[in-house]
**Student:** 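I'd like to ask some things about the structure below.
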Amino acid sequence: MPELPEVETIVRALRPKLIGRTILAADLLWPRTLVTPSASQLQEAIAGQDILAVARRGKLIHLRLSTFNLFVHLRMSGDLYIKEADALPEKHDRLILTLSPNGQAKAQKLVFDDARKFGRAWLVREPQEVTGKLGPEPLEDGFTPQSLYAGLQARRRQLKPLLLDQSFLAGLGNIYTDEALHRARLHPQAMSNSIKREQAEALWEAIRAVLQEGIRRNGASIDWVYRGGQFQNHFRVYGREGQTCPVCGTTIQRTVVGQRGTHFCPVCQPRE
DNA sequence: CACGTCACCTGCGTGC
DNA sequence: TGCACGCAGGTGACGT
């Protein structure tokens with residue numbers, strides 16, 4: 001489900017409900033969900049931790065706690081939401097955190113739900129332990145047309161796998177990469193070091209535009225997991241194989257690049 | 001360093 | 001209805 005805009009949407013929804021509350025207990029239902037610490041150390045470490053801030057780094061959800069930092073990566077099918085404490089456990093619940101009551105609100109719990117079990121959580125002292133290898137945030141000031149151009153020149157890789165590499169840029173996934181490349185009129189398999197300065201500028205602009213539009217529409221919901229987003233109704237290429245390009249009317253093609261389904265317009269995005 | 005392949009998992013849609 | 005198959009928003013560990 002989630003790329004940067006979907007994670008940002010979840011973070012914005014959770015932030016006002018979580019800040020100022022205390023985690024009372026943890027219940028780990030699928031042990032591999034927790035990378036660190038060990039399941040036996042989790043309870044003692046997390047009980048009594050206050051939630052000071054709720055943030056996002058790339059696709060990671062970051063809860064800043066009194067003395068620890070909790071990170072959650074939703075991977076393919078994860079979701080994170082608040083339920084009433086007396087709600088029945090569901091089939092795909094993997095980690096449940098009991099929250100202190102919030103004013104007159106009833107006791108609640110923060111649930112990490114993940115059908116495919118790819119999602120992961122970390123409870124660490126230092127954020128760097130989890131975020132250390134991530135590339136720049138595409139919507140922050142450190143990411144500029146110049147830095148993107150320099151990064152592209154420094155590598156010799158196909159554009160799509162490079163943009164999916166979280167150490168190159170943090171937050172793009174399969175959908176937003178296809179959408180950004182289409183907006184920038186670049187072929188997914190163009191080599192990064194062949195990109196001209198003005199093309200890099202167009203790509204920078206396209207990346208920011210698709211992410212901002214995704215956030216504005218509360219993300220994309222394209223399967224049974226995520227709810228509420230509208231961006232899926234505005235895809236130009238993703239999932240539109242056989243339909244027409246909204247720019248030129250050509251039939252959108254689907255191919256496979258780096259094991260990922262890849263959608264593009266052969267006219268707007270010529271291979272050259 | 002770049003790339004291909006597999007592994008991790010479950011569930012849904014399609015076609016026979 | 002059942003069943004096999006392909007596909008899925010992500011990443012990490014391999015081998016070449």
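Owing to the predicted nature of the structure, the values given are computational and were not obtained by experimental measurement. Each chain gets a letter, A, B and so on, in the order the sequences are listed, and its residues count up from 1.
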**Student:** Using only side-chain N and O atoms of A:Lys133, determine if any of them is under 4.0 Å from OP1 or OP2 of C:dT11.
**Tutor:** no
**Student:** Categorize A:Tyr238 for me: base, sugar-phosphate, or nothing, with a 4.0 angstrom heavy-atom threshold over every strand shown.
**Tutor:**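 Contact class for A:Tyr238: sugar-phosphate only.
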**Student:** Separation of A:Phe118 atom CZ from B:dC9 atom P, in whole Å?
**Tutor:**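 Atom CZ in A:Phe118 sits about 7 Å away from atom P in B:dC9.
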**Student:** Would you say that A:Arg125 contacts A:Thr67 through its side chain, given a criterion of any heavy-atom pair below 4.5 Å between the two side chains?
**Tutor:**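 In short, these two side chains touch, coming nearer than 4.5 Å.
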**Student:** Check the distance between C:dA8's P and A:Arg260's CZ and give it to me in whole angstrom.
**Tutor:**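 My rounded result for the distance is 8 Å.
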**Student:** Give one of base, sugar-phosphate or nothing for A:Arg94, where a contact means two heavy atoms less than 4.0 Å apart.
**Tutor:**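 Touches nothing.
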**Student:** Name the closest nucleotide to the A:Arg32 side chain, picking from C:dG10, B:dC8, B:dG11.
**Tutor:** B:dC8
**Student:** Which nucleotide, if any, forms a Watson-Crick or G-U wobble pair with C:dG15, using both distances under 3.5 Å?
**Tutor:**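 Across any shown strand, C:dG15 pairs with B:dC3.
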**Student:** From CD1 of A:Ile175 over to C1' of C:dG10, roughly how many Å is that when rounded to an integer?
**Tutor:**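 Going from A:Ile175 (CD1) to C:dG10 (C1'), I get 12 Å.
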**Student:** Figure out the CG/P separation between A:Leu134 and C:dT11, and round it to whole Å.
**Tutor:**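 After rounding, the reported distance stands at 9 Å.
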**Student:** Side chain of A:Arg156 only, heavy atoms from C-beta on: which candidate in B:dA2, C:dT11, B:dG11 is closest?
**Tutor:** B:dA2
**Student:** Determine: side-chain N/O of A:Lys59 to OP1/OP2 of C:dT11, distance under 4.0 Å, yes or no.
**Tutor:** yes
**Student:** I'd like to know if A:Arg155 reaches the base of B:dA2 with its side chain such that a donor and an acceptor end up less than 3.5 angstrom apart.
**Tutor:** no
**Student:** Are any of A:His73's side-chain N or O atoms less than 4.0 Å away from OP1 or OP2 of C:dG10?
**Tutor:**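 Answer no for this pair, as no side-chain N or O of A:His73 is under 4.0 Å from OP1 or OP2.
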**Student:** Of the candidate nucleotides B:dT5, C:dG10, B:dC3, which contains the atom at the shortest distance from the side chain of A:Arg157?
**Tutor:**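 In terms of side-chain proximity for A:Arg157, the closest of B:dT5, C:dG10, B:dC3 is B:dC3.
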**Student:** What nucleic acid atoms does A:Gln158 come within less than 4.0 Å of, heavy atoms only: base, sugar-phosphate, or nothing?
**Tutor:**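 Sugar-phosphate, no base atom in range.
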**Student:** Tell me whether the rings of A:Tyr238 and A:Phe235 are parallel (<30°), tilted (30 to 60°) or perpendicular (>60°).
**Tutor:** perpendicular
**Student:** What's the closest nucleotide to the A:Arg75 side chain, out of C:dT11, B:dC3, C:dA8?
**Tutor:** C:dT11
**Student:** Can you tell me if A:His92 touches the phosphate of B:dG11, counting only side-chain N or O atoms and a distance under 4.0 Å to OP1 or OP2?
**Tutor:**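 Yes, A:His92 has a side-chain N/O under 4.0 Å of OP1/OP2 on B:dG11.
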**Student:** Just the rounded figure in Å: distance from P of C:dC7 to CZ of A:Arg116.
**Tutor:**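 Those two atoms, CZ and P, are 13 Å apart.
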**Student:** Could you tell me how far apart A:Phe168 (CZ) and C:dT11 (C1') are, to the nearest whole angstrom?
**Tutor:**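 Roughly 18 Å, once rounded to whole Å.
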**Student:** Which residue is it: A:Arg240, A:His263, A:Arg183? I am looking for the one with a side-chain hydrogen bond (donor to acceptor under 3.5 Å, both in side chains) to A:Asp178.
**Tutor:**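 The passing option is A:His263.
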**Student:** I'd like the P distance from B:dT5 over to C:dC7, given in whole Å.
**Tutor:**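 Those two atoms are separated by 15 Å.
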**Student:** Return the nucleotide paired to C:dC5: Watson-Crick means purine N1 to pyrimidine N3 with N6-O4 or O6-N4, wobble means G-U with N1-O2 and O6-N3, both under 3.5 Å.
**Tutor:** B:dG13
**Student:** At what distance, to the nearest 0.5 angstrom, does CG of A:Leu164 lie from OG1 of A:Thr177?
**Tutor:** 4.0 Å
**Student:** Taking all heavy atoms of A:Glu3 and all of A:Tyr176, pick out the closest pair and write down the distance.
**Tutor:** OE1-CD1, 2.8 Å
**Student:** Report the distance from atom CG of A:Asn174 to atom C1' of C:dG10, rounded to the nearest whole Å.
**Tutor:** 9 Å
**Student:** Please state whether the phosphate of B:dT10, meaning OP1 or OP2, lies under 4.0 angstrom from any side-chain nitrogen or oxygen of A:Lys117.
**Tutor:**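 So the side chain of A:Lys117 is within the cut-off, an N or O lying under 4.0 Å from OP1 or OP2 of B:dT10.
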**Student:** So, applying side-chain hydrogen bond (donor to acceptor under 3.5 Å, both in side chains) with A:Asn69, which one of A:Glu129, A:Gln49, A:His62, A:Arg64 is it?
**Tutor:**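 Passing option: A:His62.
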**Student:** Within this structure, what is the NE2-to-C1' distance between A:His263 and C:dA8, rounded to whole angstrom?
**Tutor:** 10 Å
